[in-house]
Visitor: 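Would you mind keeping the following structure in view while I ask a few things?
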Amino acid sequence: MCLQNQVMEATTKLNIVEIILDAVKDGLDKHFGVAVNADEITWNITRKEFEGDFTIVTFPYTRSAKKSPEQIGDILGRHLQETEPYVKSYNVVKGFLNIVVADNFWHRFLMQARTAENYGYLPPNGEKVMIEFSSPNTNKPLHLGHIRNILLGWSSSRILEAAGYDVTRVQIVNDRGIAICKSMLAWEKFGKGQTPDSTGIKSDHFVGDYYVLFEQKFQEEYKAWQQSPEGLAHYEAQGKTAESAEAFFKAYKNDYFNNHSALGAEAKGLLLKWEAGDADTVALWKKMNEWVYEGFDTTYEQLGVQFDKLYFESETYLLGKDIIQRGLDQGVFFRKEDNSVWIDLEDAKLDQKLVLRSDGTSVYMTQDIGTARLRYDDFKVDRMVYVVADEQNYHFKVLFEILKRLGEPYAEGLFHLSYGMVDLPTGKMKSREGTVVDADDLIEEVVGEARGNSAERGALEDLSKEEREAIIRKIGLAALKFFIIKVHPRKRMVFDPKESVDMQGQTGPYIQNAFVRIQSVLRKAALTDLSLAEKHITLEGAEKDLISMIYDFPAQIKAAAGEYDPSVIANYCYDLAKSYHKFYHDYPILKAPTQEASAFRLVLSGMIAKVLQTGMDLLGIEMPERM
RNA sequence: GGUUCCGUAGCUCAGCUGGAUAGAGCAACUGACUUCUAAUCAGUAGGUCUCAGGUUCGAAUCCUGACGGAAUCACCA
C-alpha cells in the first residue's frame with residue numbers, strides 16, 4: 001500500500017504533461033473557441049536545438065481558430081505562462097510552441113521521485129498475463145535462436161510486471177516425438193552405456209550429440225540406398241522427369257525415412273512403443289530428457305531466467321479433442337465425408353484449416369487449442385503472450401481466430417510476440433552446415449572477452465577471484481543481452497559475434513559503466529549531507545535534461561509493455577546513459593561550485609543510477625558496482 | 001502465384017499515434033586522462049530514408065503500385 005502510494009505520488013501527482021495539456025485545452029477553448037480533448041493534442045519533448053522542455057504543435061488548429069500558427073502559439077504560450085506557475089516561459093518557432101518548465105518543478109519532481117520505491121513502476125492493474133517463451137525441443141542443446149527468444153520473453157515478462165500486470169512465466173517443453181526418439185535410438189545402438197557423467201560432457205549436449213550421430217548414420221544409410229538398385233529404381237520411377245538425382249533425393253528424404261529406412265523404422269518403432277507406454281522405452285525417454293533438463297537448467301541459470309510452470313507436450317499432446325467436439329456442436333467446425341474436422345476461416349482472409357485428422361487423431365492446432373484452455377483453467381489469466389519466431393505467424397493468426405470463434409474467455413487477450421530469425425554475417429544458421437551458434441559456447445565467448453578486457457584495464461585487481469568473476473560475468477552477459485534486445489523484435493537481425501562482444505559505444509557495458517561511475521562517486525561522497533540538495537534551486541540545462549529523462553521513464557515502461565517491445569527500454573537506457581556520461585564529463589560533482597550544487601548532483605546521479613538499474617533489470621541485465 | 005513482414009550512412013541499428021535541419025554506435029581520421037572509473041567525452045567525414053505516384057499546411061512515418069529480401073500457404077511439428 002505504502003509502495004503504491006509512493007508510486008502514485010511520483011508518477012501522477014506531479015504530472016507536468018497533463019498540466020500543460022489541460023492548460024492548452026483551456027486556452028484553445030477560451031481564446032479561439034476551439035474544443036479539443038487534452039489527449040488529442042500533439043506534443044513532443046522539445047528537440048535539443050531549441051529552448052524548451054515540451055513542444056505543442058499548433059498547425060492543427062489554424063483552420064478552426066482562423067489564425068496563423070505563430071499567432072496561436074503566441075496566444076497559447078501567454079495563456080500557459082499566466083495560468084500555470086510551473087510554466088516559466090515560452091517561445092514560438094514556425095508554429096511550434098516551445099514551453100519552458102520552471103526549474104522548481106524539475107527540482108521538486110526529482111526530490112519526490114528519489115523517495116519512491118521502484119520508481120517507474122506503474123501501479124498494479126489487476127490483470128493477469130501469462131507469457132510463454134523458450135519452449136525448446138529436448139533433443140539438442142539451446143542455440144542462438146533460443147537466446148533471442150528467451151531474452152525477449154524474459155524482458156517482456158519483467159516489463160509487464162513493471163507495468164502493473166500479474167505475470168506467470170511458462171514454457172511448453174517439446175519432450176516427445178520423433179526427434180527425441182532419434183537421440184534415444186542412437187544412444188541405445190551406439191552409446192555403449194556412456195553417460196554425461198562418464199564422459200564429462202554437459203548433459204544436454206550429450207543428448208544432442210546422439211541426435212547428430214543419428215543423422216549421420218541415417219545419411220550414411222540413405223547414401224548407400226541411393227546407389228542401391230532399389231533407390232535407383234525409385235529415382236527412375238518418380239524423380240527422373242525433370243530433377244537431378246541430387247535434388248530428387250534431397251526432396252525424397254522424408255519419404256525415405258518413413259517408408260524405406262531401417263533406422264527410420266526403428267525410430268518410429270520407438271515412438272510407437274512410447275505412445276503405447278512401453279516401460280523400457282518410457283524409462284529411457286525419461287532418462288534422456290532428465291539429462292537434457294539438467295543441461296537446460298544450467299543455461300537458464302547462466303542467463304538468469306526462471307519459469308513459474310512448465311507444460312510438457314507429453315502431457316498436453318492429446319488435449320483439445322473435447323473442445324473440437326464442442327466446436328462441432330456449436331457449428332464452429334465442420335466434418336468432411338472422410339471424417340476429418342475443419343474450420344472455414346475464409347471470411348477472415350484465412351483458409352480452411354484442419355483441426356482433426358480423418359483417423360480422429362489431433363494435429364498441432366488441436367493441441368494448442370487444448371493447451372490454451374488448460375492454461376486458462378490453471379491460472380485464469382486475462383492475457384496470453386506467445387513468444388514464438390515469425391515463421392509461425394500464420395499458425396497463430398489461425399489459432400487466435402479459432403479461439404475467438406469458440407468464445408474462449410481469454411480470446412481477446414491473445415498476443416503473438418513474433419520475432420525475426422537471427423542471421424549470421426555469413427547468412428542463415430543451418431544445422432546441416434554446422435553454422436548453428438550454441439548458446440553455452442556463446443555465453444562463454446562473451447564472458448571470455450569481458451575477462452580479457454577487464455584484465456587489460458586492471459581495475460579489479462584488488463578483488464578476490466570470485467568477486468572478479470562475478471563482475472566479469474555480468475559485463476559479458478550485458479554485452480550479449482543488450483546486443484540482442486536493442487533490436488526491435490519484429491526485425492530479422494544480423495548477429496555478428498565480433499560485434500556482440502563489443503563493450504564500447506552502444507552496448508550493455510557502456511550503460512553499466514555509467515552506473516559504475518556513479519557508484520564510485522557516491523562511495524567517495526558518503527559523508528556528504530544530501531539534504532543540501534533542497535537548496536540548489538537554479539538548474540543547469542544538462543541537469544534539467546537529465547531530470548526530464550527520468551521523468552519520462554514510467555511512460556517508457558508503459559509504451560514498452562503496450563507494444564510488447566523490450567527494445568524501447570533498451571534504447572531508453574542507452575540514451576539516458578549517454579546523456580549522463582556527457583554530464584559526468586562536463587560537470588564536476590564532488591567539486592561542484594557550491595556544496596548545495598554538489599549535493600544536488602549527487603542526488604541526481606543517484607537517481608540516474610537507480611533508473612538505469614531498474615531499466616536494465618527489466619532487460620535481465622545486472623549492474624556491477626565496479627568494473 | 002496468394003498472404004504477411006522487412007528495406008534508413010560502408011556495416012549494425014534508432015526514429016514510424018504525420019511535425020522543426022533524419023539520429024546513434026561500429027569502422028576511418030583528429031583531439032581530450034597529475035583532476036569524481038578514458039568500457040568515457042568532443043570533433044571531422046559519411047544520406048536520393050529502395051523507387052514512383054497519392055493524401056496533407058507538412059511524409060522516413062499514412063495510402064496505392066513497382067523493385068529487392070524473408071516467412072508462410074501439409075491429414076509435419
Visitor: Using a heavy-atom cut-off of under 4.0 Å over every strand shown, decide if A:Q512 touches base, sugar-phosphate, or nothing.
Guide: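 Counting heavy atoms under 4.0 Å across all strands, no contact is made by A:Q512.
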Visitor: Is the ring centre of A:F257 less than 6.0 Å from the ring centre of A:F218?
Guide: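 Aromatic pair counts; centres sit under 6.0 Å.
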Visitor: With a 3.5 angstrom cut-off on both distances, give the Watson-Crick or G-U wobble partner of B:U34, or none if there isn't one.
Guide: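 The answer is none; no pair meets the criterion.
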Visitor: Under 4.0 Å, heavy atoms only, any strand: does A:K48 hit a base, just the sugar-phosphate, or nothing?
Guide: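 Result for A:K48 = nothing.
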Visitor: With both distances kept under 3.5 Å, what pairs with B:G65, Watson-Crick or G-U wobble?
Guide: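 Check on B:G65: paired to B:C51, both distances under 3.5 Å.
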Visitor: Looking at B:G58, which nucleotide sits across from it as a Watson-Crick or G-U wobble partner, both distances under 3.5 angstrom, or is there none?
Guide: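 WC or wobble partner does not exist here.
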Visitor: When rounded to the nearest 0.5 angstrom, what distance separates CD in A:E622 from CD in A:Q613?
Guide: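 The CD atom of A:Q613 is 9.5 Å from CD of A:E622, to the nearest 0.5 Å.
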Visitor: Could you tell me how far apart A:L460 (CG) and B:A39 (P) are, to the nearest whole angstrom?
Guide: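 In whole Å, B:A39 P lies 11 Å from A:L460 CG.
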Visitor: Is the shortest side-chain N/O distance from A:K582 to OP1 or OP2 of B:A42 below 4.0 Å?
Guide: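 It does, given that an N or O in the side chain of A:K582 lies less than 4.0 Å from OP1 or OP2 of B:A42.
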Visitor: Reckon A:R457 touches a base, only the sugar-phosphate, or nothing at all at heavy-atom distances under 4.0 Å?
Guide: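 Counting heavy atoms under 4.0 Å across all strands, the contact made by A:R457 includes a base.
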Visitor: Counting just side-chain N and O atoms, does A:K94 come under 4.0 Å of either OP1 or OP2 of B:U21?
Guide: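 Yes, such a contact exists.
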Visitor: For A:M503 and B:G25, give me the distance from atom CE to atom P, rounded to whole Å.
Guide: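 For the pair A:M503 CE and B:G25 P, the rounded distance is 19 Å.
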Visitor: Checking all strands, does A:M493 fall into the base, sugar-phosphate, or nothing category for heavy-atom contacts under 4.0 angstrom?
Guide: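 Sugar-phosphate: the residue A:M493, judged by heavy atoms under 4.0 Å, touches backbone atoms but no base.
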Visitor: Let me know, please, whether A:Y587 or A:A577 comes out on the 5' side of the other along RNA chain B by nearest nucleotide.
Guide: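 Whichever sits nearer the 5' end wins; that is A:Y587.
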Visitor: Any base atoms under 4.0 Å from A:Y364, or only sugar-phosphate, or nothing? Heavy atoms, all strands.
Guide: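 Here A:Y364 touches the bases of the nucleic acid.
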Visitor: Just to verify, which of A:Y564, A:F396, A:F400 counts as forming a ring-ring contact (aromatic ring centres under 6.0 Å, His included) with A:F415?
Guide: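 Among the candidates, only A:Y564 passes.
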Visitor: With the side chain of A:R517 defined as its heavy atoms from C-beta on, choose the nearest nucleotide among B:A38, B:U8, B:C41.
Guide: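 The nucleotide sitting nearest to the side chain is B:A38.
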Visitor: What contact category does A:V93 fall into here, base, sugar-phosphate, or nothing, at under 4.0 angstrom with non-hydrogen atoms?
Guide: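 Base contact - A:V93 has a heavy atom under 4.0 Å of at least one base atom.
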Visitor: Could you tell me how far apart A:R626 (CZ) and B:A39 (P) are, to the nearest whole angstrom?
Guide: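 Value for this atom pair: 14 Å.
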Visitor: Taking only the side-chain nitrogens and oxygens of A:Y419, find out if one of them lies under 4.0 Å from OP1 or OP2 of B:A71.
Guide: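 Checking A:Y419 against B:A71: no side-chain N or O falls below 4.0 Å of OP1 or OP2.
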Visitor: Testing A:V57, A:I56, A:T62 for side chain to side chain contact (heavy atoms under 4.5 Å, CB included) with A:P60, which one passes?
Guide: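 Only one of A:V57, A:I56, A:T62 forms a side chain to side chain contact (heavy atoms under 4.5 Å, CB included) with A:P60, namely A:V57.
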Visitor: State the pairing partner of B:A22; accept Watson-Crick or G-U wobble contacts with both distances under 3.5 Å, and report none otherwise.
Guide: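 B:A22 is unpaired by these criteria.
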Visitor: What does A:I178 touch in the nucleic acid at a heavy-atom separation under 4.0 angstrom: a base, only the sugar-phosphate, or nothing?
Guide: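 Nothing, no heavy atom under 4.0 Å.
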Visitor: At under 4.0 Å between heavy atoms, what does A:Y584 touch on the DNA or RNA strands: base, sugar-phosphate, or nothing?
Guide: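 Base contact.
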Visitor: Can a donor-acceptor pair under 3.5 Å be found between the side-chain atoms of A:N393 and the base atoms of B:A70?
Guide: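 No, the side chain and the base share no sub-3.5 Å donor-acceptor pair.
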Visitor: Starting at OH of A:Y580 and ending at P of B:A38, how long is that distance when rounded to a whole Å?
Guide: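 To the nearest whole Å, that distance equals 11 Å.
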Visitor: Report the nucleotide, chosen from B:A77, B:A20, B:A24, that has the shortest atom-to-atom distance to any side-chain atom of A:R357.
Guide: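 Within the option list, the nearest is B:A77.
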Visitor: Roughly how far apart are A:N98 CG and A:N91 CG, rounded to 0.5 Å?
Guide: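 Answer for the CG-CG pair, A:N98 versus A:N91, is 4.5 Å.
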Visitor: Could you state the CG-P distance from A:L604 to B:C36, rounded to the nearest angstrom?
Guide: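 Rounding to the nearest Å, CG of A:L604 and P of B:C36 are 20 Å apart.
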Visitor: Heavy atoms under 4.0 Å, any strand shown: does A:F59 hit a base, just sugar-phosphate, or nothing?
Guide: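 The answer is base, as A:F59 lies within the cut-off (heavy atoms under 4.0 Å) of a base atom.
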Visitor: Would you say A:K486 places a side-chain N or O within less than 4.0 Å of OP1 or OP2 belonging to B:A24?
Guide: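 So the side chain of A:K486 is outside the cut-off, no N or O lying under 4.0 Å from OP1 or OP2 of B:A24.
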Visitor: Under 4.0 Å, counting only non-hydrogen atoms across every strand here, what does A:K591 touch: a base, just sugar-phosphate, or nothing?
Guide: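 Touches sugar-phosphate only.
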Visitor: Among B:U72, B:U35, B:U40, which nucleotide sits nearest the side chain of A:H581?
Guide: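 Nucleotide nearest to A:H581's side chain: B:U40.
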Visitor: State, without any angle test, whether A:N289 and A:T138 hold a side-chain donor-acceptor pair at a distance under 3.5 Å.
Guide: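 Side chains of A:N289 and A:T138: pair found under 3.5 Å.
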Visitor: Do A:T507 and B:A39 have a side chain to base donor-acceptor pair shorter than 3.5 Å?
Guide: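 Not at all, since no donor on one side and acceptor on the other fall under 3.5 Å apart.
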Visitor: Are A:K558 and A:F553 in a cation-pi setup, meaning NZ or CZ lies under 6.0 angstrom from the ring centre and within 45 degrees of the ring axis?
Guide: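 The answer is no, since A:K558 fails at least one limit relative to A:F553.
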Visitor: If we call it a pair only when both distances are under 3.5 Å in a Watson-Crick or G-U wobble match, what pairs with B:U72?
Guide: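 Base-paired to B:G2.
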Visitor: Can you identify which nucleotide, out of B:A39, B:G25, B:C36, has its nearest atom closest to the A:K578 side chain?
Guide: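 Ranking B:A39, B:G25, B:C36 by closest atom to the A:K578 side chain puts B:G25 first.
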Visitor: With respect to the side chain of A:F50, which nucleotide from B:A39, B:A20, B:U35 is positioned closest?
Guide: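 So the nucleotide nearest the side chain must be B:A20.
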Visitor: With the side chain of A:P60 defined as its heavy atoms from C-beta on, choose the nearest nucleotide among B:G19, B:A42, B:C36.
Guide: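 Nearest to the side chain of A:P60 among the choices is B:G19.
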Visitor: As a test of reading the structure: which of B:A20, B:C57, B:C41 is closest to the side chain of A:T55, going by heavy atoms?
Guide: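 So the side chain of A:T55 is nearest to B:A20.
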Visitor: What's the closest nucleotide to the side chain of A:R492 if the choices are B:C36, B:A14, B:A71?
Guide: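 For the A:R492 side chain, the nearest candidate turns out to be B:A71.
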Visitor: Distance check needed: B:G23 P versus A:H488 NE2, whole Å only.
Guide: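 Nearest whole value for this atom pair: 21 Å.
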Visitor: Between A:T62 and A:N513, which has a closest nucleotide on RNA chain B that is more 5'?
Guide: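 It is A:N513 whose nearest nucleotide is closer to the 5' end.
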Visitor: Do A:K182 and A:E215 meet the salt-bridge criterion of a basic N to acidic O distance under 4.0 Å?
Guide: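 Yes.
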Visitor: What I want to check is whether the side chains of A:D390 and A:H416 have a donor and an acceptor closer together than 3.5 Å.
Guide: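 On atom types as modelled, these side chains do not qualify, holding no pair under 3.5 Å.
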Visitor: Mind checking who B:A14 pairs with, Watson-Crick or G-U wobble, both distances under 3.5 Å?
Guide: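 Paired with no nucleotide.
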Visitor: Out of B:A38, B:C11, B:C36, which nucleotide sits closest to the side chain of A:E499?
Guide: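 Taking heavy atoms from C-beta onward, the closest nucleotide is B:C11.
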Visitor: Hey, does A:N98 reach any base, or is it just sugar-phosphate, or nothing, if we go heavy atoms under 4.0 Å?
Guide: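 Touches a base.
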Visitor: From C-beta outward on A:K524, which listed nucleotide comes closest to its side chain: B:G19, B:C36, B:A14?
Guide: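 From the listed options, B:C36 comes nearest.
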Visitor: Under a 3.5 Å cut-off for both distances, is B:U44 Watson-Crick or wobble paired, and to whom?
Guide: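 B:A28 is the nucleotide pairing with B:U44.
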Visitor: Students often get this wrong, so: under 4.0 angstrom with heavy atoms, is A:V57 touching a base, only sugar-phosphate, or nothing?
Guide: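 Here A:V57 touches the bases of the nucleic acid.
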Visitor: Just how far, in rounded Å, is P of B:C73 from CG of A:L354?
Guide: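 The distance from CG of A:L354 to P of B:C73 comes to 14 Å, rounded to the nearest Å.
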Visitor: Check the phosphate of B:A14 against A:K491, side-chain N and O only, distance under 4.0 Å to OP1 or OP2. Yes or no?
Guide: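 Yes, because at least one side-chain N or O of A:K491 sits under 4.0 Å from OP1 or OP2 of B:A14.
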Visitor: Atom OH of A:Y572 and atom P of B:G15: how far apart are they, to the nearest Å?
Guide: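 Value for this atom pair: 16 Å.
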Visitor: Side-chain N or O of A:R47 versus OP1/OP2 of B:G19: is the shortest distance under 4.0 Å?
Guide: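 False: A:R47 side-chain N/O out of range (4.0 Å or more) of B:G19 OP1/OP2.
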